[in-house]
Amino acid sequence: MRNGTVRKFILLGLTDDPELQGLIFIFLFLTYTLSLTGNLTIITLTFVDSHLKTPMYFFLKNFSFLEISFTSSCIPRYLYSIATGDRVITYNACALQVFFTDLCGVTEFFMLATMSYDRYLAICKPLHYVTIMSKRVCRILIISCWMAGLCVLIPPLSLGLNLKFCDSNKINHFGCDAFPLVKISCSETWLMEQTVIICAVLTLNMTLTCVVLSYACIVKTILRFPSAQQRKKAFSTCSSHMIVVSITYGTCIFIYMNPTAKEEVAIKKVVSLLIFSVSPMLNPFIYTLRNNQVKKAFKDSVKRIALFSSK
């Protein structure tokens, strides 16, 4: 974003109603706290419990870190804005927020595709799973997810940094986001808008194709299992990830389906807020409540802490 006469932006947020702002603040504070607590718990458990050292939990640990980064890139700033009434954000701070929120958001799709591939190998290629998913390969896949996210972000970001802002500095959003910024720019934005849409569609198509193909093979393999108990156990290892995938892709497709519709701005702001606050909070609970190993690791850790405290 190239600075014209505008040096600061004003974030309009969701509402000007003080009572609604108070409710939003309480809601966001609770969801953000639960998100940090839940995701940090998963990260801690994967470090301290010897049973959670498999590739699946390595990816889950990195996904939890990504969720913390994603929600922290936006929610604390909005909480500060509600608490102090200070809606002003500097040009540089706005640019950084766009970069980190978009980087984490795009990387999340590649991470979900990688986790789907991991489940595919575990269920469809069990004899080769340990050999293929070595520690080195897992690290390479995680780095590749971040690099892929960065590569997708570079084209629209390079165009966005050349946008000029002349008179209007009011962003109709609770945070700095690409489309609200494009709307107040006094530069020609057609190329920027098309680039954002193309990058979003390519990311969704590539990662969703990987997810769908992985789970098509998984379901096909599971249905061949002779025992109902085996089928149930196999489905249980994938169900949590399938729920998270459905939530993530569903909300994203809703937002980008018709990004220029002005009458839907308010709805999309609310949906965006839920993506930043509720999704990172729900994911730890989805993965832990449906995973016996994580629940057992959590109970064992609580027992060890209680035993240590009683001494």
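Hydrogens, waters and symmetry mates are skipped; everything else that's a heavy atom, side chains included, is used. Predicted model, so just to flag it, every value in this text is computed and none were measured.
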> Do Ile197 and Phe179 pass the side-chain contact (heavy atoms from CB on, under 4.5 Å) test, and can you show the C-alpha distance, the side-chain angles, and the key distance before you say yes or no?
Replying inline: CA-CA 10 Å; Ile197 293 171; Phe179 284 114; 4.2 Å; yes
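- The CD1 atom of Ile82 lies 11.0 Å from the CG atom of Leu11; values are rounded to the nearest 0.5 Å.
- Follow the hydrophobic side-chain contacts under 4.5 Å out from Leu112 and you never reach Met206; the two are in separate clusters.
- Using cut-offs of 30° and 60° on the angle between ring planes, the pair Phe70 and Phe276 is parallel.
- The line from CG of Leu153 to CG of Asp102 is 5.5 Å long, rounded to the nearest 0.5 Å.
- Taken from CG in Leu181 to CG in Asn172, the straight-line distance is 11.5 Å, to the nearest 0.5 Å.
- Residues Leu157 and Val106 do not share a hydrophobic cluster, defined by chaining ILVMFWY side chains whose heavy atoms lie under 4.5 Å apart.
- For the residue pair Thr114 and Cys145, the shortest heavy atom distance occurs at OG1-SG, 3.1 Å.
- Nearest heavy-atom pair, Ser64 versus Ile42, reported as atom, atom and distance to 0.1 Å: OG-CG2, 3.5 Å.
- Taken to the nearest 0.5 Å, the CG atom of Leu79 stands 11.5 Å off from the CD1 atom of Ile26.
- By the rule that hydrophobic residues join a cluster once side-chain heavy atoms approach within less than 4.5 Å of another member, Ile143 and Phe100 end up as members of separate clusters.
- Within the 4.5 Å cutoff, the side chain of Thr31 has no heavy atoms near those of the Thr71 side chain.
- Looking at Ile222 and Ile123, their side chains come closer than 4.5 Å, going by heavy atoms from C-beta outward.
- With contacts defined as side-chain heavy-atom distances shorter than 4.5 Å, the pair Asn169/Ile184 does not qualify.
- At least one donor-acceptor pair under 3.5 Å links the side chain of Ser158 to the backbone N or O of Pro155.
- Surrounding NZ of Lys170 are at most 12 heavy atoms belonging to other residues, nucleotides or ligands under 6.0 Å away.
- Here the side chain of Ser72 pairs no donor or acceptor atom with the backbone of Ser69 at under 3.5 angstrom.
- Residue-environment remark: CZ (Phe29) stays at or below the threshold of 12 foreign heavy atoms within 6.0 Å.
- Put simply, CD1 on Ile218 and CZ on Arg119 are 7.5 Å apart, with the number rounded to the nearest 0.5 Å.
- In terms of heavy atoms, Pro156 sits closest to Thr195 at N-CG2, 3.8 Å.
- Panel note: side chain Ser81, backbone Arg77; no donor-acceptor pair is recorded below 3.5 Å.
- With a 4.5 Å cut-off on side-chain heavy atoms, Leu40 and Ile68 count as touching.
- Note that CG of Leu60 is 9.0 Å distant from CG of Leu52, once rounded to the nearest 0.5 Å.
- One side chain, Asn283 or Glu67, offers a donor N or O that lies under 3.5 Å from an acceptor on the other.
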>> Test side-chain contact (heavy atoms from CB on, under 4.5 Å) on Leu28 and Leu273; report intermediate values, then the result.
In response: CA-CA 9 Å; Leu28 289 180; Leu273 189 68; 3.8 Å; yes
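- By the rule that hydrophobic residues join a cluster once side-chain heavy atoms approach within less than 4.5 Å of another member, Leu161 and Ile154 end up as members of one cluster.
- Counting only heavy atoms from C-beta outward, the side chains of Phe63 and Val244 approach each other to under 4.5 Å.
- Side chain of Arg87 to main chain of Leu12: a donor-acceptor pair is present (N/O by atom type, distance under 3.5 Å, no hydrogens or angles).
- For the pair Thr90 (side chain) and Lys8 (backbone), a donor-acceptor distance under 3.5 Å is absent.
- Both tests pass for Lys61 against the ring of Phe47: distance under 6.0 Å to the centre and angle within 45° of the axis.
- Using a 4.5 Å heavy-atom threshold, the side chains of Asp177 and Ser272 count as separate.
- In the model, Glu193 has a side-chain atom that pairs as donor or acceptor with a side-chain atom of Thr189 under 3.5 Å.
- The heavy-atom pair separating Thr209 from Asn205 by the smallest distance is OG1-O, 2.5 Å.
- Of all non-hydrogen atoms in Leu223 and Arg231, the two that sit nearest each other are CA-CD, 4.2 Å.
- In this structure, Asn39 contributes its side chain and Ser35 its backbone to a donor-acceptor pair below 3.5 Å.
- The closest donor-acceptor contact from the side chain of Asn62 to the backbone of Phe58 lies under 3.5 Å.
- Contact record, Met133 with Pro55: O-CG, 3.6 Å, taken as the closest heavy-atom pair.
- Here the side chains of Cys94 and Ile171 are in contact, with some heavy-atom distance below 4.5 Å.
- Counting only residues at least two apart or on different chains, the ring pair (Phe, Tyr, Trp, His ring centres under 6.0 Å) pairs with a member in residues 107-150 are Phe109-Tyr249.
- For the pair Ile247 and Ile275, the minimum side-chain heavy-atom distance is 4.5 Å or more.
- Met56 and Ile140 are assigned to two separate hydrophobic clusters, defined by single-linkage of ILVMFWY side chains at heavy-atom distances under 4.5 Å.
- In this structure, the side chain of Gln21 engages the main chain of Thr15 through a donor-acceptor pair within 3.5 Å.
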